[in-house]
Amino acid sequence: MGVVSVYMFPVPEGKSGQQVVESLQKSIELLGATKTGNFCVDCETFQTSIQNTQQRQVNILHSSDHPASCFAILDAGTCLVADSLFDGLMQKLKHYYQQRKGSKIESKGQRYEFGDFVFKVGSVSLASSFKGILLEIEYCPCIIAGDCWGLLKEMASSIVGNVAEQQPNVIKNKLEHVYTTADTMCQYLEHFNNYKKQTIPPTAVSTGR
Amino acid sequence: MAVPSVTVSVEPVIENKIQEVKLDGQEIYVAPLSMSENLTKLAHKIDFYKDESDEKGKPTSEGEKEEEDEKVLASFQPSLWPWDSVRNKLKAAFTEMCVLTDVLNIIKEKRYMVADPVSNEAPENKSSVLLLAKKRGLVVAANVLISGAERLKRSHSEHSNRAQNDYFIELLKLRQNWRLKKVGTSILGDLTYKSAGSRFLQSGTFEVTKVIEEKTDGDGSHSRGSLEVVIPSELEGVAYIQVDVKSVPGNILMPAGLGVIRSDAYWQQKLEVAQNVLFCKELFAQLAREAVQIKSSTPHMVVGNQIITNAFPGIQLSIVLCHYTGKEKKTPQAPQKLEHNHVLEHSLHQLLREVHYKNINYVPPHPVNAMLGMSKRRRLAGPLGTSRRELVEMNVRETLLEQIIKQTKHAVLRLRTMHVLDKLAILSDPQITAHWSCLNSSLECSVRINITTAGYEIVRSNSLVLIIEVDNIQAILLKDSKTITLSFEDKALQDLILWQVSQHHIQVVTHLAKCHSWTVISTNLNVGIGDIDVYGTATSIMMSSPRGDKVLSLKSGAYNKIQMFLKEVTSSELNNLSTAVVDPKWQKIMGTFKQIDVDRLQGKTFAQKVDMLMAKLSTMS
């Protein structure tokens, strides 16, 4: 259990997502990291299906690194960490919460370990269409974000460059508190939502990232 | 498209009269009349003075008419004469009396009516009928009594005839202890531990048969009943598991039999022995399977009915299944005195029983929709977001063989420590006392070692605590809370204790210096000069007498003998002083160190010797 920071790696024009992922992996391997397997973080969205009430959304996230858990995040920000049987519960509630079609988004890729750090390079795909790249860096020994932010930033900037300068919102709010797995999932959700907003045609509001 | 419609309200007409309109526009209505009030109002309208007959034909409303009638009747009833009922009753009584007198007068005349008495008939006294009835009654009663007596006689005779009923009584006892079921005409029983949670596949069905005898045995022993059990052939005989820990791998010992069970033994004994055989077989099968399957640093050997493995380098653990069926051709040699490690054997039995227990009893809660048997930590793993690595660590389960090897290692370490302490306790000069903690488990125990000198027990800061674990011993020096990890070699422990002993000597001397008011010039816990010690460091102390003219210096190491040196100014040196020395205090720095033979000093212990020496040196000046 450590402090995790998730960065969106922009795909430069002219290059395919696959190439960028490979170059990222190579740079991580050059550092001296060892590959330890694959990982997958996926997210499904459920919406209330009762008319005349306010529309609420529930996002259900799973992470292969936490196989026993299921994360439920409301659009209001509250996060629930539950046993994996929670999926069954959502199925029982399918009359009240219906799954939005075509909203399953996931980040899949390789996992590397380097001393106290864990890197995860994931390519984000929404309904099997490539959206972007998310890089997750975890520093295992620390549990207070404020204490190790500098170290994380330095490690990240050596790989992703300027993107690492900006603190993710989740970390900004919890600099002095104990960092939990739920915060990692909130970061992932934020990125996923940004990717989803990008699918809306340019006439709509653009993301300011 | 819906247009917001105009609201139209439908209200009834206000029937109630308005009593008052307040200043703020609120209207107060007169409350509508209740039923009784309505009735009163209508009753007031009735005129009672009019004649009833005049109104009968009038077609007024019925309700009013009926009310009028009732009202009229009600008004007349109270005006009736109150003594009317009394008068009527008296009249009736008078009439009755008149009739009675008339009847009596007529009877007196005896012309038209006569009074005649009624006579009762005397009952007939037929004795023969009575007799017959009584006789019948007695016969019935006698029959009841006779049938009861006959039943008692029969049961009494059955009791004396034992052989016939023994079988059922024995069968009842058998059913109280073992599970039986009737299959066709035969009765079969179950010897296995299946109902207690065992998953061993060997069947243990025994058959119950009846034995018909003509006469009982001469000794009339209780064990010879009329019920026999037939044990399956593979469970015949006696079996036990032998666990042995040897330091040098020796020859494989032939298991000597414990003795075969008599074929005419009581069925309970036979069944228990057979069940034990099954249990030992299951235990050995599980251990052998684990020995072959698990991969560990030290390989395990499975030979026939023996499992051999190394607990420590040079220490061998052997587990043998000894099954003596009584059908072996050659008679075993005189049974050798086998080394049984009863504690480990009992542990093995307990461990297998624990496995059985866990198979049946799942940890609560028992949810309907989730998996059974998860520990509390595993169940909370989901909501706490535990990582994959932690889950893998949680899932590791120890096999039976690993557990018994751990227990063996700990037992070996414990015994070795005891031996070392016993050996060192022979030293009389500081006394080494060991206090073993009564709170211990099969994998960990602790002992506290105090080093004191007889007579000078006030100096007891040299203690250590040894925590004996599975692979190593943790030694905690209580003086400065330093922790040292010792390996399984017993020499390491001995070295450590002897080193502590040497430090104790110097501590006692420091204390004595305080008592004799000698000044301690210097102490050194790790002397880097002189002969190198075999283990640890040497401690030294240098102190001077109260007058300052004598200096005593000691060095003590773990394996080297204590060395003592004394410096004093001899008279010959005093006389050779040069005139440059002005102050007598400079005499004190003169002199050379001479070694003192510690063995020839007076005193039983080293502390006593130093005590005596210091006292003498203080007085001599």
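Proteins get letters first, then strands, A, B, ... in listed order; numbering begins at 1 in each.
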More than 12 heavy atoms of other residues, nucleotides or ligands under 6.0 Å from NZ of B:Lys406: is that the case?
no

Write down the atom of A:Asp83, the atom of B:Arg379, and the distance for their closest heavy-atom approach.
OD1-O, 4.2 Å

Verify the neighbour count for atom NZ of A:Lys108: are there more than 12 heavy atoms of other residues, nucleotides or ligands below 6.0 Å?
no

Looking at every heavy atom in both A:Ser69 and B:Gly385, which two are closest together, and how far apart are they?
OG-CA, 3.3 Å

Is it true that, when you exclude A:Glu154 itself, more than 12 heavy atoms of the residues, nucleotides or ligands shown sit nearer than 6.0 Å to its CD?
no

OG1 (B:Thr386) and CG (A:Asp65) are apart, to the nearest 0.5 Å, by 11.0 Å

With a cut-off of 6.0 Å (strictly less than), are more than 12 heavy atoms of other residues, nucleotides or ligands near NZ of B:Lys479?
yes

Within 6.0 angstrom of B:Lys358 NZ, more than 12 heavy atoms from elsewhere:
no

Treating B:Arg388 as the side-chain partner and A:Pro67 as the backbone partner, does any N or O pair qualify as donor plus acceptor under 3.5 Å?
no

From CZ (B:Arg389) to CD (A:Glu113), nearest 0.5 Å:
8.0 Å

